[in-house]
Number of protein chains: 2
Amino acid sequence: MKESARQPSKFLAVIAQIQTMIKTDALRSGDKIPSERELSDRLSIGRSSVREALRALELLGLIETRRGEGTFLRDFKDHQLVPLIGAFLFDQDQKKKDVQEVKAILELGCLALLAQKNNLTSRDQQLSFDHYMEKADNRLLENIWMIISDYAGSDKENERLDELLEAAKQIQFPERQ
Amino acid sequence: MKESARQPSKFLAVIAQIQTMIKTDALRSGDKIPSERELSDRLSIGRSSVREALRALELLGLIETRRGEGTFLRDFKDHQLVPLIGAFLFDQDQKKKDVQEVKAILELGCLALLAQKNNLTSRDQQLSFDHYMEKADNRLLENIWMIISDYAGSDKENERLDELLEAAKQIQFPERQ
DNA sequence: GAATGGATGGTGGTCTGACCACGTAATTCA
DNA sequence: TGAATTACGTGGTCAGACCACCATCCATTC
C-alpha cells in the first residue's frame, strides 16, 4: 500500500450524504431533514461530526436549525454568503473608494435592468434605491447592494439619481445564449 | 426575568472572535491561528463549539487546517463555495438568471471604471475579465466578481466583450463629494 | 562530526456520554 | 371539556478520551 487513501474528513462526507438525501428524497425548501442523532446513526458517524457539517451548512444559509424542533432546508434566496464573506473582505479592503465604486456599479446596473425591462415609469424618478432594487426582481443583486450600502454609509443618493437614470437608459446588456 | 437574552449560539461567537482576532493581530494569508484547544481555553468555550466554527470557515475556504500542524488563514481566492452551493441549487432557474445578471452588471461596471480612468488601451480588447478586473484596481469588486463568476459557470464571455466595451465607454459615473 | 532513527509533545479528527434549553404532543387532572 | 402537567424529541454545549499526523529534539550509530 502506497498511500492510505487519506479519507476525506467525515464532515465532508456528511455534507455529501445530505446533498444526496436531498436529491433522492426530492426535499424542498422548508422540509425537515433527519435529526442529528438519526443522521449520526444512519451514517455511522459521531454526532459531533454530523454537527460540524450541519453548522457549516447553516452558516452558508442552506439549512436552518430550530432548537426543540429540528433542522430544515432553507430557500437559497436567504443565503448568508454575502454578509459572511463581506465581513472578511472588508477587513482587507477598507478602502472607501472601493465600496463607493461597487455601490455605484450595482445601482447603475439595477437601473439598467429596469430600463431594459421597460419597468421605469416616470413616477419612479423620485423613488429611493430600496424601491428600485425591489423592482429589479433580482434578489442576489438586492442582497449584495444592501450589504455594500451598509458599509458605504449614508450618502445623498438622490442627487445622483437623475444622472444615473440617464446613463442607465443608454446601456444595452448584450443578450446571452 | 422575562427573556433570557437568547445568546446567539456559541459557534457564531467564535467566528466573530476569530474575525476580531484577525483584525487586531493583523493576520494575513498563511498566518497560523491559535490551536483549537487554545481557542477553547481563551474563549472559555468547549472545543466542540470551536470546531464547529472552524469547520464552517474551512468549508467556506477562509481557513485551512492541516492535521498535526494547525489552522491557517487562507487566501480568499481559494474559496470552496462553488461546488458546494451548486449541489444545493435544485430549483435553479430564477437563481441562475440572478447570477448572470449580477455578473454582467459587475463586468460592465468594471469596464466603465476603466474607461473612466482612461485605462483602456486598444491592446486590451482581447483580454479576459480576469485581467480587466485586476486593472480596475478595486479588490472588493474583484472579489465579488470572482464569487459570482464561479456560480455563473463558464460562458463565452469574449463574445460579449466588444459590445460591453462600447456600452461602458458611454457611461459616466456621477462624481461624488 | 554527520546521519539515522526513535521518543516526545502538539495539532487536528473523531467518538462517546452526559447534561441543558426548548417545543411539541400526549397525558393527567380538575 | 379544558387547562395544567408530564414526557419525549430536538438542537446546544461540554468534558474527556482516543487516534492519526507532523515537527522537533536527542541519543545512537556510523
Side-chain angles (χ1 to χ4, degrees), chain A residues 1-18 21-22 25 27 29-74 78 80, chain B residues 1-18 21-22 25 27 29-74 78 80:
Chain A
M1 312 69 192
K2 49 296 305 265
E3 29 74 71
S4 51
R6 176 162 278 84
Q7 58 212 349
S9 59
K10 296 294 182 66
F11 103 96
L12 284 180
V14 175
I15 292 180
Q17 283 285 346
I18 293 178
M21 185 180 310
I22 291 175
D25 294 359
L27 299 181
S29 303
D31 287 352
K32 190 169 182 296
I33 68 178
S35 73
E36 297 177 353
R37 290 172 176 83
E38 183 177 345
L39 284 175
S40 171
D41 256 23
R42 279 166 54 171
L43 307 181
S44 299
I45 291 181
R47 192 184 158 206
S48 40
S49 294
V50 172
R51 277 188 61 80
E52 288 178 12
L54 291 180
R55 257 4 82 220
L57 293 180
E58 183 183 21
L59 191 66
L60 290 175
L62 295 175
I63 61 175
E64 177 184 5
T65 57
R66 295 200 283 270
R67 173 186 283 188
E69 299 181 58
T71 305
F72 305 83
L73 278 189
R74 205 167 169 179
D78 304 322
Q80 297 284 317
Chain B
M1 312 74 193
K2 51 296 305 265
E3 32 71 67
S4 50
R6 176 164 277 84
Q7 58 212 351
S9 57
K10 296 292 183 64
F11 103 97
L12 285 179
V14 174
I15 292 180
Q17 283 285 345
I18 293 179
M21 186 179 307
I22 291 175
D25 294 358
L27 299 181
S29 300
D31 286 353
K32 190 170 183 295
I33 68 179
S35 73
E36 298 177 352
R37 291 172 176 83
E38 183 176 346
L39 283 175
S40 171
D41 254 25
R42 280 167 54 172
L43 306 181
S44 299
I45 291 180
R47 191 184 158 208
S48 36
S49 294
V50 171
R51 278 188 60 81
E52 288 177 12
L54 291 180
R55 255 7 82 222
L57 293 181
E58 183 183 20
L59 192 66
L60 289 174
L62 296 174
I63 62 175
E64 177 185 5
T65 57
R66 295 200 283 270
R67 173 186 285 187
E69 299 182 58
T71 305
F72 305 83
L73 278 188
R74 203 166 172 178
D78 304 325
Q80 295 281 319

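In the text below, chain A, chain B and the rest are named by the order of the sequence lines, each starting its count at 1.
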Length of the line joining E36(B):CD and dA17(D):C1', which is rounded to integer Å: 15 Å
Minimum-distance nucleotide (side-chain atoms of I45(B) versus dT13(D), dA20(D), dC14(D)): dC14(D)
Nearest-angstrom distance from the residue atom CZ of R66(B) to C1' of dC22(D): 11 Å
R51(B) vs S48(A) side-chain heavy atoms within contact, under 4.5 Å: no
Rounded interatomic separation in angstrom, taking CD1 from I33(B) and C1' from dG10(C): 16 Å
Nearest listed nucleotide, side chain of R47(A), among dC15(C), dG11(D), dC14(D): dG11(D)
Residue that, paired with L73(B), satisfies side chain to side chain contact (heavy atoms under 4.5 Å, CB included) out of L27(B), L62(B), L57(B): L27(B)
R51(A), nearest nucleotide to its side chain (from dG11(D), dG23(C), dG13(C)): dG11(D)
First of G68(A) and T65(A) reached from the 5' end of DNA chain D, by closest nucleotide: G68(A)
Between P of dG12(C) and CG of D41(B), the distance in whole Å: 13 Å
Separation of atom CD1 in I15(B) from atom C1' in dG12(D), rounded to whole Å: 15 Å
Residue closer to the 5' end of DNA chain C, S48(B) versus R37(B) (nearest nucleotide): R37(B)
Nearest-Å distance for atom pair CZ/C1', residues F72(A) and dG23(C): 10 Å
Heavy-atom closest pair, residues V14(A) and S49(A): CG2-O, 4.4 Å
Flag side-chain contact, heavy atom, 4.5 Å: T65(B) against R55(B): yes
Position toward the 5' end of DNA chain C (nearest nucleotide), E69(A) or T71(B): T71(B)
Close side-chain approach of L59(B) and L12(A), heavy atoms under 4.5 Å: yes
Listed nucleotide nearest any side-chain atom of S49(A), set dC15(C), dG13(C), dA21(C): dC15(C)
For atom CZ of R67(B) and atom P of dG12(C), their distance in whole Å: 11 Å
Whole-Å gap separating P (dT13(D)) and CG (L54(A)): 13 Å
